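One-based numbering, in listed order, for ligands and for the atoms of each. Index from 1, following the sequence. Everything quoted here is computed from the prediction, not taken from an experiment.
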Amino acid sequence: MTAEKPTHTRHVPVMLPRILDLLAPALEAADRPVHLDGTLGMGGHAEAVLERFEHVRVVGIDRDPQAIALASERLARFGDRFVAHHGTYDEVPEALALHGVDAAESMLFDLGVSSLQLDEVDRGFSYARNAPLDMRMNPTVGASAADVLNTYEHGELARVLKEYGEERFAGRVASAVLREREVEPFTDSARLVELLERTVPAASQRTGGHPAKRTFQALRIEVNSELSIWATTVHRALDHLAVGGRLAVLSYHSLEDRLTKQALAAGATSSAPPDLPVELPEHAPWLRLVTRGAEQPDEAERAANRRSSSARLRVAERTRTADRPSRRENR
Ligand SMILES: C[S@@+](CC[C@H](N)C(=O)[O-])C[C@H]1O[C@@H](n2cnc3c(N)ncnc32)[C@H](O)[C@@H]1O
C-alpha cells in the first residue's frame, strides 16, 4: 500500500469544470435531482457536484471496495445527500433505488483505471514495479492477470493483446508467453516485463513507448471485462436518464469511445425508414448530442495531468421518452 495520502490527492478528476458546466442545465432545471456517478473512484467528480449543486443527491457506484471506502469517508460530510453502491456500473437501477428513484437527471462515467489503483503496487496494475499479476478492480472476484496468462490459448491471448492493447507483435508475445509458462506459471509482473523487453523488437521499443505498456493495458481490460460491461451499461444508463437529463462519458480507449459514440448517435438519429414520407413521432430522435464530436482536455490540463491526455468527453441530453423493447429485454 502507498503511504496514507489524503484521498483528494490520489486522483485528479479529469475535465472537471467543463463536466460541471455541461451537466448544470439538467441539474438546475429539476427540484430534487439525482446525479449518478458510475465510476466513483476517489469521489473527486462527485464531491464537486455535491458542492456546486446544493439541492442535488448523488449515488456513486464502484466495483473497487477500496474506492468505495475512501470516497465514502471523503463524502460523509454531505450526509444522506450521498450514498454509495458497491458493484459494477451496469447495476444502474439498483444504485438509483438507493435514492428511491428509477431515473437520474445526470450521470457521469469516467471509465478505466484510477490513479489510486495504478499507484497501489500490490494490485499489480503497474509495470513499473514488481508485484503479483492481479489487476482485478474488485480483488474478491474473477480471474487475475496471471490466470489469463497461464490459461488462455494462443489465439485468444493474441486477440486480447491486439484488440485491447493495439500490440503490433501480439502473436509473437502470445507465443513467448506460452513457451515461458511451460517452464513455470506466471505469478508476478517483473517476469512478464522482462519477457516483453526481450520479445518486442528494439526498433518498436524506441518509437512505441515502454514495451509493457500495451500488454498491461490489454490484460487490465480483459481481466475486468471493461468493454463488454460498458457495451451493456451505456444503453442501460440511457434507459434510466430522465427526460431533460444529461449523460457524460469520459473514455480513455478508442474502443470504449467508439461504443459510446455509436450508442449516442443511435439515439440522436431518426429511425424512420428512408422511404417513409413523414417521420412518425416514435421514429424521432430521443437524444440530442451536447458535445460536438468528442471534447478533449486543453493543453494545460494534459501537461499537468498526464492521465488526462487520452481522455475523450461526450455528453448527450435525453429529449423524450423512448420505448426500446429490445433493450429492455436485455436487463
Ligand atoms: C477513472 S476512475 C474514476 C475517478 C473519479 N471520477 C474521481 O474523480 O475520483 C474509474 C473508477 O471506475 C471504477 N470502475 C471501472 N470499471 C468499473 C465497472 N465496470 N463497474 C464499477 N466501477 C468500475 C474503477 O474501480 C475506478 O475506481
Could you tell me, atom by atom, which parts of ligand 1 come under 4.0 Å of a heavy atom of G87? 20 (N), 21 (C)

Between V243 and W286, does a side chain to side chain contact (heavy atoms under 4.5 Å, CB included) hold up when you go through it step by step? CA-CA 9 Å; V243 173; W286 49 274; over 6 Å; no

Identify the protein heavy atom lying closest to atom 22 (N) of ligand 1, giving its residue, its atom name and the separation to 0.1 Å. R63 N, 3.2 Å

Nitrogen or oxygen atoms of R307 and ligand 1 under 3.5 Å apart: no

Which of the numbered atoms in ligand 1 are below 4.0 angstrom from a heavy atom of G44? 7 (C), 8 (O), 9 (O)

salt_bridge(R220, E226) N-O dist < 4.0 Å: yes

Is R18 salt-bridged to E301, going by a charged N under 4.0 Å from an acidic O? no

Nearest-contact summary for atom 9 (O) of ligand 1 - protein heavy atom, Å: M42 N, 3.0 Å

Centroid separation F125 to F216 less than 6.0 Å: no

Heavy atom of the protein closest to atom 2 (S) of ligand 1 (residue, atom name, distance): S114 CB, 3.7 Å

Would you say the side-chain atoms of Y252 and R307 include a donor-acceptor pair closer than 3.5 Å? yes

What part of L40, side chain, backbone, both or neither, has a heavy atom within less than 4.0 angstrom of ligand 1? backbone

What do you reckon, does N224 put a non-hydrogen atom under 4.0 Å from ligand 1? no

Under 3.5 Å between some N or O of ligand 1 and some N or O of D37? no

H283-S270 side chain donor-acceptor pair, cut-off 3.5 Å: no

Residue, atom and distance of the protein heavy atom nearest atom 17 (C) of ligand 1 read Y89 CE2, 3.3 Å

Hey, is H11 touching ligand 1 through its side chain, its backbone, both or neither, going by heavy atoms under 4.0 Å? side chain

Those atoms of ligand 1 less than 4.0 Å from some heavy atom in V113: 1 (C)

Nearest-contact summary for atom 3 (C) of ligand 1 - protein heavy atom, Å: T39 O, 3.3 Å

Pairing donors with acceptors under 3.5 angstrom, does anything connect the side chains of H85 and E94? no

Any N or O of L111 that comes nearer than 3.5 Å to an N or O of ligand 1? no

Between E295 and R314, is there a salt bridge with N-O shorter than 4.0 Å? no

Looking at M137, which atoms of ligand 1 are within less than 4.0 Å of one of its heavy atoms? 14 (N), 15 (C), 16 (N), 24 (C), 25 (O)

Once you restrict to heavy atoms under 4.0 Å, what part of Q117 touches ligand 1? Side chain, backbone, both or neither. side chain

What residue and heavy atom of the protein are closest to atom 11 (C) of ligand 1, and at what distance? D62 OD2, 3.5 Å

Distance only, no hydrogens: is a donor on one side chain within 3.5 Å (strictly under) of an acceptor on the other, for D147 and S144? yes

W230 and S225: side-chain donor and acceptor closer than 3.5 Å? no

Any side-chain to backbone donor/acceptor pair from N224 onto M135? Under 3.5 Å, distance only. yes

Number the atoms of ligand 1 from 1 as they appear, then name those within less than 4.0 Å of a heavy atom of D64, with their elements. 25 (O)

